[in-house]
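Naming: A, B, ... by sequence-line order, numbering from 1 per chain.
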Protein chains: 2
Amino acid sequence: MARNTSTSKSSLSKAQVKAQLIDSQDRFIASWGRMGSVWGISRTMAEVHALLYITGTPMCTDEIMDRLGVSRGNVSMSVRSLLEWAVIEKVRLTGDRKEYYQAEQDVWSMLRAIARERIKREVDPLLNALDDIGELAPQLGTHAPEDIKALHKRLDEVRDGFELITTLAHKFTGPRGAGLQTAAKLLAKAPVGRSKKHSPQSKRKATHKSTRGGTP
Amino acid sequence: MARNTSTSKSSLSKAQVKAQLIDSQDRFIASWGRMGSVWGISRTMAEVHALLYITGTPMCTDEIMDRLGVSRGNVSMSVRSLLEWAVIEKVRLTGDRKEYYQAEQDVWSMLRAIARERIKREVDPLLNALDDIGELAPQLGTHAPEDIKALHKRLDEVRDGFELITTLAHKFTGPRGAGLQTAAKLLAKAPVGRSKKHSPQSKRKATHKSTRGGTP
DNA sequence: TTTGATTTTCAGATTATTTTGAAATCTCAT
DNA sequence: ATGAGATTTCAAAATAATCTGAAAATCAAA
């Protein structure tokens with residue numbers, strides 16, 4: 001029988017399977033990298049992580065460079081950050097001078113790390129700023145004009161909102177936590193609002209290409 | 001006694017109070033703007049929103065331009081996005097040709113909008129990509145080599161994780177939802193983990209000097 | 001319909017972020 | 001201790017995101 005060249009499931013050569021494996025990995029890496037920029041980390045950092053996660057293999061700097069096509073310096077910096085995030089770790093391979101790096105394999109640890117870092121870098125600074133502003137603004141008690149009262153009211157509301165989110169997030173992301181997983185499952189079942197069906201506002205309307213400022 | 005110039009609470013002139021009000025508003029606007037870049041929206045867009053929210057006043061394009069010191073075009077684009085996000089609305093003032101804009105005053109609606117937009121722009125595309133990759137990767141059933149099985153396993157885990165998050169988030173951000181508020185309060189009490197204080201996972205040996213480094 | 005005020009658009013300028021690459025530093029097997 | 005191999009650093013280059021400003025389009029009142 002002629003060699004199947006495209007879609008059949010069962011007659012792929014080893015090399016073909018391997019090629020498709022690599023291809024799928026690359027797609028995953030590309031997606032994760034795209035997310036990276038959106039999450040406020042560099043594309044390369046996200047890609048390095050994706051590579052180590054999806055392959056599950058410990059890799060050294062040169063292997064990473066070659067596979068992703070990025071510079072040595074860039075790999076070095078990305079790896080350092082990932083180590084700080086504690087989503088990858090160093091491993092020593094016997095009889096080799098190089099450092100090898102390997103990703104934490106539990107996906108939740110990865111998700112928690114993302115959440116943890118984001119909270120640290122986004123919410124906490126905002127909360128601090130809000131506290132400062134609140135203290136700094138005129139404190140005139142009941143005699144304050146409406147303007148001032150309204151300012152304090154809004155500042156307080158924002159701060160309360162984000163504090164609630166922080167509390168929640170700390171439960172999710174705490175070092176000892178299977179928190180995110182359990183909490184998420186719990187919540188996913190709990191009847192929170194009165195949402196009957198699922199009608200996110202007109203998901204169908206493909207009218208805006210982007211909600212972003214002005215993507216040209 | 002000389003006029004009190006700085007910290008006393010009770011003897012500020014009207015002008016001084018006004019100046020401090022403006023100053024506090026500006027600080028809030030600046031903080032919110034900084035967050036904006038971190039949240040993936042332009043600084044100006046975040047600032048416009050902050051201005052309208054914190055003052056509570058309907059403002060027209062020129063007022064916004066003057067207060068924030070940004071161009072007309074920039075205000076126009078930011079306002080458009082904010083309208084799409086549904087966190088501000090147009091108001092007509094009698095006898096005036098201009099459009100005025102006013103922020104939604106419920107803080108939770110604002111937080112929900114942020115969450116909703118982020119999910120839409122970040123998680124959903126990733127999920128789609130993951131589905132595509134999963135379908136595309138070799139489907140070899142039980143006969144598949146370890147490599148392929150591992151790939152599918154990891155893809156599935158990531159997808160499941162993010163799907164759980166999406167489900168959760170939809171409850172939070174649904175259009176009719178006081179969801180976020182109630183759910184957050186609920187969760188904040190639920191005994192999820194045993195997080196007592198914050199003990200950073202000290203995996204560190206005393207051997208290295210400091211591993212600290214700049215944020216990427 | 002005309003008019004002039006108001007808003008939108010978008011090419012180009014500006015600003016911010018990311019990446020490179022080669023020199024400097026480190027480190028470990030000998 | 002030495003030095004080849006490995007990693008880190010960081011100024012400069014490349015890339016990406018944001019903002020401006022003026023021309024074009026829109027709109028509401030007369």
Side-chain angles (χ1 to χ4, degrees), chain A residues 33-49 58-84 88-101 121 207-216, chain B residues 30 33-49 58-84 88-101 121 205 207-216:
Chain A
R34 231 182 327 278
M35 287 303 104
S37 16
V38 156
W39 293 334
I41 67 181
S42 85
R43 203 195 70 225
T44 305
M45 178 175 162
E47 286 183 349
V48 171
H49 177 245
M59 297 176 84
C60 67
T61 307
D62 291 87
E63 290 169 326
I64 298 171
M65 284 170 62
D66 292 348
R67 178 72 183 264
L68 299 180
V70 297
S71 73
R72 187 175 300 284
N74 201 355
V75 170
S76 172
M77 290 191 298
S78 297
V79 154
R80 160 141 45 106
S81 299
L82 291 169
L83 288 168
E84 282 170 10
I88 70 173
E89 58 184 8
K90 283 187 184 172
V91 279
R92 231 59 221 281
L93 260 51
T94 49
D96 198 328
R97 191 85 161 273
K98 299 190 192 70
E99 305 272 15
Y100 284 72
Y101 306 97
R121 299 216 256 125
T207 38
H208 350 315
K209 29 174 92 171
S210 148
T211 357
R212 193 73 172 264
T215 324
Chain B
R34 231 180 331 276
M35 287 303 103
S37 16
V38 155
W39 293 334
I41 68 182
S42 85
R43 202 196 71 224
T44 304
M45 178 173 162
E47 286 183 350
V48 171
H49 178 246
M59 297 177 85
C60 67
T61 307
D62 292 87
E63 289 170 328
I64 298 171
M65 285 170 61
D66 292 349
R67 178 71 183 264
L68 300 180
V70 296
S71 74
R72 186 175 300 283
N74 201 354
V75 169
S76 172
M77 290 191 297
S78 297
V79 155
R80 158 136 54 102
S81 299
L82 291 169
L83 288 168
E84 281 169 11
I88 69 172
E89 57 183 8
K90 282 187 184 172
V91 279
R92 232 60 224 280
L93 258 53
T94 51
D96 197 329
R97 190 89 160 269
K98 297 191 192 70
E99 305 271 16
Y100 283 71
Y101 305 98
R121 298 213 258 125
K205 291 182 178 178
T207 41
H208 292 344
K209 15 179 169 180
S210 98
T211 337
R212 63 182 290 277
T215 353

Quiz prompt | Donor-acceptor pair (no angle test) under 3.5 Å: B:R97 side chain, D:dA28 base | solution = yes
Let me know the distance between [atom1] of [X] and [atom2] of [N], rounded to the nearest Å.
X: A:I64; N: D:dT8; atom1: CD1; atom2: C1'; answer: 15 Å
X: A:D96; N: D:dA4; atom1: CG; atom2: P; answer: 18 Å
X: A:L93; N: D:dG5; atom1: CG; atom2: P; answer: 19 Å
X: B:N74; N: D:dA22; atom1: CG; atom2: P; answer: 15 Å
X: A:L82; N: D:dT8; atom1: CG; atom2: C1'; answer: 16 Å
X: A:L68; N: C:dT18; atom1: CG; atom2: P; answer: 17 Å
X: B:M65; N: D:dT20; atom1: CE; atom2: C1'; answer: 10 Å
X: A:E47; N: C:dT20; atom1: CD; atom2: P; answer: 10 Å

Looking only at heavy atoms, what is the nearest atom pair of [X] and [Y], with distance?
X: B:D62; Y: B:R72; value: OD2-NH2, 3.0 Å
X: A:S78; Y: A:S42; value: OG-OG, 4.4 Å
X: A:M65; Y: A:V75; value: CG-CG2, 3.8 Å

[X] side chain, from C-beta outward: closest of [options]:
X: B:S76; options: D:dC19, C:dT9, C:dT19; value: C:dT9
X: B:R72; options: D:dT8, C:dT19, C:dT7; value: C:dT7
X: B:M77; options: D:dC10, D:dT20, C:dT7; value: D:dT20
X: A:K98; options: C:dT9, D:dA6, D:dT8; value: D:dA6
X: B:R92; options: C:dT19, D:dA28, C:dT8; value: D:dA28
X: B:Y101; options: D:dT8, D:dC19, C:dT7; value: C:dT7

Given [N], is OP1 or OP2 found less than 4.0 Å from the side-chain N or O atoms of [X]?
X: B:T44; N: D:dT18; result: no
X: B:T61; N: C:dT7; result: yes
X: B:S71; N: D:dC19; result: no

Practice problem: Answer yes when B:R67 and B:E63 have at least one side-chain N-carboxylate O distance shorter than 4.0 Å, and no when they do not. | Solution: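 Judged by the 4.0 Å cut-off on N to carboxylate O distance, B:R67 and B:E63 do not form a salt bridge.
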Quiz item: Taking for each residue the nucleotide of DNA chain C bearing the nearest heavy atom, is the 5' side occupied by A:E99 or by B:K90?
Solution: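 In this pair, the answer is B:K90.
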Quiz item: Start at the 5' end of DNA chain C and walk down; is the nucleotide closest to B:D62 or to B:S37 reached first?
Solution: B:D62
Self-check item: Point-to-point distance, once rounded to the nearest 0.5 Å, from CE of A:M59 to CD1 of A:I88
Solution: 12.0 Å
Self-check item: Atom pair CG (A:L93) and CD (A:E99), whose distance is rounded to the nearest 0.5 Å
Solution: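 CD of A:E99 is found 10.5 Å from CG of A:L93.
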Exercise. Please work out if A:R43 contacts a base, only the sugar-phosphate, or nothing of the nucleic acid, heavy-atom cut-off 4.0 Å.
Key: sugar-phosphate
